[in-house]
Amino acid sequence: MDDASMVGLMGRVTGTIGPGLVGEVIVRVRGGAEHFLAHAADGTGRIECGTVVMVVEHLPPRTVYVARAYDS
């Protein structure tokens with residue numbers, strides 16, 4: 001899967017993302033759901049487990065940068 005096809009996909013945080021933390025997200029892709037290592041796109045935010053996020057950058061093979069999908 002290329003970089004561009006991951007950008008814009010929605011996922012859910014399964015491991016807290018934050019400064020100094022490598023989190024984890026699950027994203028529906030390639031007809032299933034896959035886990036990716038995740039960082040906050042803004043570099044400073046903390047995103048808790050269960051939060052819906054959007055992929056803003058993909059670094060193959062398994063790393064994504066994400067932002068909250070909805071303001072809460």
Side-chain angles (χ1 to χ4, degrees):
M1 174 161 282
D2 68 8
D3 231 11
S5 60
M6 286 287 297
V7 174
L9 294 180
M10 305 294 263
R12 186 170 303 274
V13 177
T14 56
T16 301
I17 301 167
L21 298 174
V22 177
E24 183 182 64
V25 296
I26 189 167
V27 179
R28 290 189 168 270
V29 61
R30 293 184 276 267
E34 297 183 21
H35 289 267
F36 293 84
L37 299 177
H39 300 276
D42 67 8
T44 60
R46 184 174 178 92
I47 307 174
E48 300 294 333
C49 289
T51 304
V52 177
V53 293
M54 182 174 64
V55 176
V56 297
E57 186 176 355
H58 174 229
L59 300 176
R62 311 281 322 156
T63 302
V64 292
Y65 284 81
V66 299
R68 282 184 173 78
Y70 309 108
D71 290 332
S72 32

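Minimum interatomic distance between Leu59 and Tyr65 (heavy atoms only, all atoms of both residues): CD1-CE1, 3.5 Å. Summarising the geometry of His58 relative to Pro60, their closest heavy-atom pair is O-CD, 3.5 Å, with the distance given to 0.1 Å. Of all the heavy atoms in Met10 and Val27, the pair that sits closest is O-CG1, 3.6 Å.
Among residues two or more places apart in sequence or in another chain, the side-chain contact (heavy atoms from CB on, under 4.5 Å) test is passed with Val22 by Leu37, His39. Legend: residues meeting side-chain hydrogen bond (donor to acceptor under 3.5 Å, both in side chains) with Thr14, ordered by chain and number and at least two apart, are Glu24. In this structure Arg62 satisfies the salt bridge (Lys or Arg N to Asp or Glu O under 4.0 Å) test together with Glu34, sequence neighbours excluded.
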For Val66 and Phe36: C-alpha separation, side-chain torsions, deciding distance, then whether side-chain contact (heavy atoms from CB on, under 4.5 Å) applies.
CA-CA 11 Å; Val66 299; Phe36 293 84; over 6 Å; no
Mind listing the side-chain donor-acceptor pairs of residues 42-55 below 3.5 Å, one per line with the distance, residues two or more places apart or on another chain?
from: Asp42; atom 1: OD1; to: Thr44; atom 2: N; distance (Å): 2.9
from: Asp42; atom 1: OD1; to: Gly45; atom 2: N; distance (Å): 2.8
from: Arg46; atom 1: NE; to: Glu48; atom 2: OE2; distance (Å): 2.8
from: Thr51; atom 1: OG1; to: Glu48; atom 2: O; distance (Å): 2.8

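Applying the 4.5 Å side-chain rule to ILVMFWY residues, one finds that Ile26 remains a lone member of its cluster.
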